[in-house]
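Read through the structure below, which is laid out as structure tokens, and then see the notes.
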Amino acid sequence: GVTTNPDGTNINFAITNDSMIEGLSFGFGHGKTEYDLPSTDVATIDTESVAAFANYSFGPLTVGVQNNYTSGSVNASGVHIGANEVMAFGIAMNVNDSLSVSYNDYENKYLKRGSDGDVTQDMDGIQVAYTMGGATLRISDASVSNAGGTTGNSEDRTEVSLLMAF
């Protein structure tokens, strides 16, 4: 394993644009962390991440998609841990000045997580908000399976809230 608190380097960058096509924003990012480890350390804790997104708004609709990858690290036993592939999608609609509805889907694939192999967390949800004067009624219904990359760790949740502004 890692036997020291090593020095290292980290570099990150992102390129985004929202001026090429009206209503479209998109971007790409990359990050890399490298550590200066002594030759006696057998674990590799260097990580690399990439991310890309696109959002498009037209009329009352907005759709978006995002894809990320993080390389994770390798433990002393040679098991690749902490790597993730993430895909997210969402769509939102302002039905009128008072009512909005959205749907989101999120998938996070935990790669080679110990002896369990890959585990995919999947979450989807729908949200509705209605505003009248200083009051907003919000309803959210979400479902997640294999939360945190743990097989069988699933939950369904519905939340209702009333926000009052004075």
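- The closest donor-acceptor contact from the side chain of Glu34 to the backbone of Gly8 lies at 3.5 Å or more, if one exists at all.
- For the atom pair CD1 of Ile21 and CZ of Phe58, the computed distance is 13.0 Å after rounding to the nearest 0.5 Å.
- Here CD of Glu107 is found 10.0 Å from CG of Asn67. Values are rounded to the nearest 0.5 Å.
- By the criterion of side-chain heavy atoms lying less than 4.5 angstrom apart, applied directly or through intervening Ile, Leu, Val, Met, Phe, Trp or Tyr residues, Ile11 is not grouped with Phe28; the two fall into different hydrophobic clusters.
- Residues Phe53 and Thr16 meet the side-chain proximity criterion, which asks for heavy atoms closer than 4.5 Å.
- Between the side chains of Thr47 and Ser71, no donor N or O sits under 3.5 Å from an acceptor N or O.
- At a threshold of 4.5 Å between non-hydrogen side-chain atoms, the residues Val119 and Thr150 do not count as touching.
- Using modelled atom types, one finds a donor on one side chain and an acceptor on the other under 3.5 Å when comparing Thr70 with Ser49.
- Residues Leu61 and Tyr56 share a hydrophobic cluster, clusters being chains of Ile/Leu/Val/Met/Phe/Trp/Tyr side chains in contact below 4.5 Å.
- Across Asn146 and Thr120, no two heavy atoms sit closer than the pair ND2-O, 3.0 Å.
- Every residue two or more places apart in sequence or in another chain that forms a side chain to side chain contact (heavy atoms under 4.5 Å, CB included) with Ala51 is listed here: Asn68.
- Cluster membership for Val63 and Met93, using ILVMFWY side-chain heavy atoms within less than 4.5 angstrom, is shared.
- The distance from the CG atom of Asn84 to the NZ atom of Lys109 is 11.5 Å, given to the nearest 0.5 Å.
- Contact between Ser145 and Ser154 at its shortest, heavy atoms only, is CA-OG, 3.3 Å.
- Across all non-hydrogen atoms, the minimal contact from Gly90 to Asn104 is CA-OD1, 3.7 Å.
- Taken together through direct or relayed side-chain contacts under 4.5 Å among Ile, Leu, Val, Met, Phe, Trp and Tyr, Met20 and Leu24 form part of one hydrophobic cluster.
- Distance CD1/Ile139 to CD1/Ile126: 10.0 Å, rounded to 0.5 Å.
- The shortest non-hydrogen separation linking Gln127 to Tyr103 is OE1-N, 4.5 Å.
- When all heavy atoms are compared, the tightest approach of Tyr69 to Glu85 is CD1-CG, 3.6 Å.
- Using a 4.5 Å heavy-atom cutoff, the side chains of Tyr106 and Asp124 are not in contact.
- No chain of hydrophobic side-chain contacts below 4.5 Å, direct or via other Ile, Leu, Val, Met, Phe, Trp or Tyr residues, connects Val86 to Ile91.
- Atom CG of Asp97 has 12 or fewer heavy atoms from other residues, nucleotides or ligands within 6.0 Å.
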Residues 155-166 side chain polar contacts: donor-acceptor under 3.5 Å, at least two apart:
from	atom 1	to	atom 2	distance (Å)
Glu155	OE2	Arg157	NE	3.2
Glu155	OE2	Arg157	NH2	2.6
Asp156	OD1	Ser143	OG	2.6
Thr158	OG1	Asp141	OD1	2.5
Ser161	OG	Arg138	NE	3.0
Ser161	OG	Arg138	NH2	3.3

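- Separating the CG atom in Asp46 from the NZ atom in Lys32 is a distance of 7.5 Å, to the nearest 0.5 Å.
- Between Asn55 and Val65 the shortest heavy-atom distance is OD1-N, 4.3 Å.
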